[in-house]
Amino acid sequence: MPDLDRIVRDIADEMRGRTDRGEVASYIPELARVDPGAFGIVVIDRDGAVASGGDSEAPFSIQSISKVFTLTLALGMVGDRLWKRVGREPSGSPFNSVVQLEYERGVPRNPFINAGAIAVTDVILSGHQPREALGEIVRFMQFLAQDTSIAIDEAVAASEQRTGFRNAALASYMKSFGVIDNPVDYTLGVYFHHCAIAMSCRQLAMAGRYLAHSGRHPGTGLSVVPPERARRINAIMLTCGHYDGSGEFAYRVGLPGKSGVGGGILAIAPGRASIAVWSPGLDASGNSHLGRIALETLTKRMGWSIFGV
Ligand code: GLU
């Protein structure tokens, strides 16, 4: 049996010394202030044992990783009707691409590209005030992580709200096709704020555990989603979780995963573990450079790729 604690510590040591760290996202000005030298990793196994290394307790902006949780909430609210509003095919396009939306008449390819996540946010918002919808999302994260200290980083949310013109374009364009029900500003406000939730690797790995355990929340024994839905969310994470880098992530890591431009990645080893890594420098597709390398090492040494050892 490989020694998980040892492997996680080795990975954190190796990543600390690396100089190839990618580029920190700067299109959201507040994110550009983050230390590019940070690295954290947490693995929580089936029994709840935690293996951690590096900056595992430091909160960072989870950004698009929040889309896994908003997808879970929206499916809980409207079930399979969600798939009328958004597809579930890999996009092969950058996360904020406008061009694909025109070809596909305002229906986004999947719930993890920005357009798709904005459409999913709109579903959660319907029938609520933006503040209520956001409260629901944050409380869901707090419940999953069993930690009421999880909160939105208002400086990051405001920074994106001031500069998120491309997301505003995507939302307006979808609105013109009737894919967005609520006022565009409301939907975008909720979207920017849930992307700005700050969490540590430990909190994120805790929150992802239901996806590793057939939809059941190991902390409370409660069912978050039925097993079939957990399996399907994992499938979408595998095929769409890293934008136009999803194929490369599957090839190298071999796990369902979701990245965010804050440099975090949540990865799921089904039946085995929930894993969170964080390193703010990104590769050309907007995915954490060292985060991906760390996960590749972890899955190789543990034999955890879903495609075999
Ligand atoms: N809030 C970010 C945006 O909409 C999320 C992108 C990401 O993390 O990939 O641009």
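Note that ligands are numbered from 1 as they come in the structure, with each ligand's atoms numbered from 1 the same way. Given the structure is predicted, the values throughout are model-derived calculations rather than measurements.
- Among protein heavy atoms, the minimum distance from atom 4 (O) of ligand 1 is reached at Y191 OH, 2.6 Å.
- Nearest non-hydrogen protein atom to atom 1 (N) of ligand 1 is Q63 OE1, 2.6 Å.
- At least one N/O-N/O distance between E160 and ligand 1 falls below 3.5 Å.
- By the 4.0 Å heavy-atom criterion, N114 is counted among the residues contacting ligand 1.
- At distances below 3.5 Å, at least one donor-acceptor pair connects side-chain atoms of R21 with backbone N or O atoms of M15.
- Ranking the protein heavy atoms by distance from atom 10 (O) of ligand 1 puts Y27 OH, 2.5 Å first.
- Residues S126 and N182 form a side-chain contact, since some pair of their non-hydrogen atoms from C-beta on lies under 4.5 Å apart.
- The side-chain heavy atoms of Q203 and M141, taken from C-beta on, include no pair separated by under 4.5 Å.
- Here the CD1-SG distance, from I265 to C201, works out to 10.0 Å after rounding to the nearest 0.5 Å.
- Distances below 4.0 Å separate heavy atoms of C195 from the following atoms of ligand 1: 1 (N).
- Any N or O atom pair closer than 3.5 Å counts here, and I28 shares no such pair with ligand 1.
- Using cut-offs of 30° and 60° on the angle between ring planes, the pair F140 and F69 is perpendicular.
- Ligand 1 has a nitrogen or oxygen under 3.5 angstrom from a nitrogen or oxygen of S64.
- Here the side chain of D283 pairs a donor or acceptor atom with the backbone of G286 at under 3.5 angstrom.
- You'll find the ring centres of H194 and Y191 inside the 6.0 Å limit.
- Q100 places a side-chain N or O within donor-acceptor distance of the main-chain N or O of S91, the cut-off being under 3.5 Å.
- A heavy-atom separation below 4.0 Å is not found between F192 and ligand 1.
- Near N167, the atoms of ligand 1 lying under 4.0 angstrom from a non-hydrogen atom of the residue are 3 (C), 4 (O), 10 (O).
- Within ligand 1, the atoms closer than 4.0 Å to a non-hydrogen atom of G260 are 8 (O), numbered from 1 in the order shown.
- Remark: minimum distance from atom 9 (O) of ligand 1 to any protein heavy atom is reached at Y243 OH, 2.5 Å.
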